[in-house]
Amino acid sequence: MADQNQSEAGRHQEVGHKSLLQSDALYQYILETSVYPREPEPMKELREITAKHPWNIMTTSADEGQFLNMLLKLINAKNTMEIGVYTGYSLLATALALPEDGKILAMDINRENYELGLPVIQKAGVAHKIEFREGPALPVLDELVKDEKNHGSYDFIFVDADKDNYLNYHKRLIDLVKVGGVIGYDNTLWNGSVVAPPDAPLRKYVRYYRDFVLELNKALAVDPRIEICMLPVGDGITLCRRIS
Ligand code: SAM
Ligand code: CA
């Protein structure tokens with residue numbers, strides 16, 4: 001038993017692992033008991049398409065997709081934004097949760113991956129809720145911030161893109177989200193590397209972005225304009241509720 005625990009602990013230090021839980025068996029239990037049996041058919045289809053893509057490590061996990069879908073319904077989100085779409089798993093989780101007249105402004109520098117998942121989103125009957133913008137998100141946010149009528153207009157914003165820009169996004173998003181609305185920053189536990197010792201053998205990209213994630217986490221923790229809650233779902237998601 002001790003050996004088994006040790007080898008599981010070892011595996012969990014590996015970069016790219018999908019869960020921060022202490023055992024793979026426990027994570028499988030969550031997936032098999034409560035996630036997969038309730039996963040909408042289009043999300044399953046998109047997950048299977050994405051699994052064949054070479055960058056599939058980037059996708060939102062099924063349990064996080066279920067969490068986002070539930071959260072959006074709980075807060076009655078209608079006007080939303082997503083930064084970092086990839087093949088659209090979190091986007092579809094969002095689109096399915098919104099009412100018929102709900103909106104998602106979705107941004108990604110890569111249209112090709114979005115288009116891989118788009119037929120599934122169309123078939124699910126929710127593509128009309130999505131406005132996709134190809135290109136870097138920051139200039140789009142700058143444009144939005146210039147127009148006062150966009151201020152306080154978003155119920156929910158999911159940020160899942162270039163971690164070295166999260167603080168730049170936050171500076172703008174805090175004006176765009178409404179008071180009482182939520183910004184979700186994804187991957188804030190960065191594969192557990194936020195607590196890795198300085199000499200830990202981290203992959204290059206993990207090491208590079210880790211400092212940005214650490215800086216973001218510190219900044220969010222002391223930002224008086226928000227209440228925060230860091231959840232060990234997926235790779236860690238920090239929910240920020242704007243309070244002023
Ligand atoms: N939310 C997605 C899902 O559920 O599959 C995963 C997003 S993936 C982790 C990160 C995405 O951010 C990539 O598709 C990448 O092209 C995009 N990205 C990187 N830099 C960006 C930028 N400056 N602006 C917008 N998107 C960016
Ligand atoms: Ca993510």
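Order of listing sets the numbers, starting from 1, for every ligand and every atom in it. Residues take their numbers from the sequence shown, with the count starting at 1.
Any N or O atom pair closer than 3.5 Å counts here, and I83 shares no such pair with ligand 1. For ligand 1, one of its N or O atoms has an N or O atom of S90 under 3.5 Å away.
The closest protein non-hydrogen atom to atom 4 (O) of ligand 1 is T60 OG1, 2.6 Å. Of all protein heavy atoms, the one closest to atom 19 (C) of ligand 1 is I109 CD1, 3.7 Å. With respect to atom 9 (C) of ligand 1, the closest heavy atom belonging to the protein is M58 O, 3.3 Å. Looking from atom 13 (C) of ligand 1 to the surrounding protein, the closest heavy atom is D108 OD2, 3.4 Å. Among protein heavy atoms, atom 24 (N) of ligand 1 sits closest to A137 N, 3.0 Å. The nearest protein atom to atom 10 (C) of ligand 1, hydrogens excluded, is given as D160 O, 3.1 Å; this is a heavy-atom distance. Closest protein heavy atom to atom 2 (C) of ligand 1: V85 O, 3.2 Å. For atom 23 (N) of ligand 1, the nearest protein heavy atom (residue, atom name, distance) is D162 OD2, 3.0 Å.
The Ca ion (ligand 2) is closest to atom OD2 of D186 (considering only N, O or S atoms). Between the Ca ion (ligand 2) and the N, O or S atoms of D160, the shortest distance is to OD1.
Across all non-hydrogen atoms, the minimal contact from S153 to N79 is O-ND2, 2.9 Å. A pairwise comparison of heavy atoms in W190 and K163 identifies CZ3-CE, 3.7 Å as the closest pair.
Contact analysis leaves N165 out of contact with ligand 1, as no non-hydrogen atom separation drops below 4.0 angstrom. Note on ligand 1: A93 sits outside its first shell, no heavy atom being nearer than 4.0 Å.
Ion pairing between a basic and an acidic side chain is recognised when a charged N comes within 4.0 Å of a carboxylate O; R47 and E45 show no such pairing. Ion pair R242/E227 not flagged as a salt bridge, since none of the NZ, NE, NH1 or NH2 atoms sits closer than 4.0 Å to an Asp/Glu carboxylate oxygen. Salt bridge absent: K218 and E215 never bring a charged side-chain N and a carboxylate O closer than 4.0 Å. Of the charged side-chain nitrogens involved, none lies within less than 4.0 Å of a carboxylate oxygen, so that E48 and K52 do not count as a salt-bridged pair.
If you look at Y169 next to ligand 1, the close heavy atoms, those under 4.0 Å, all belong to the side chain. Contacts with ligand 1 closer than 4.0 Å are made by no heavy atom of D186, backbone or side chain.
At least one N/O/S atom of N187, whether from backbone or side chain, sits less than 3.0 Å from the Ca ion (ligand 2).
The 12-atom threshold is not exceeded at CZ of R38, counting heavy atoms of other residues, nucleotides or ligands nearer than 6.0 Å.
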Derivation and outcome, side chain to side chain contact (heavy atoms under 4.5 Å, CB included), residues Y166 and F212: CA-CA 8 Å; Y166 274 25; F212 291 98; over 6 Å; no

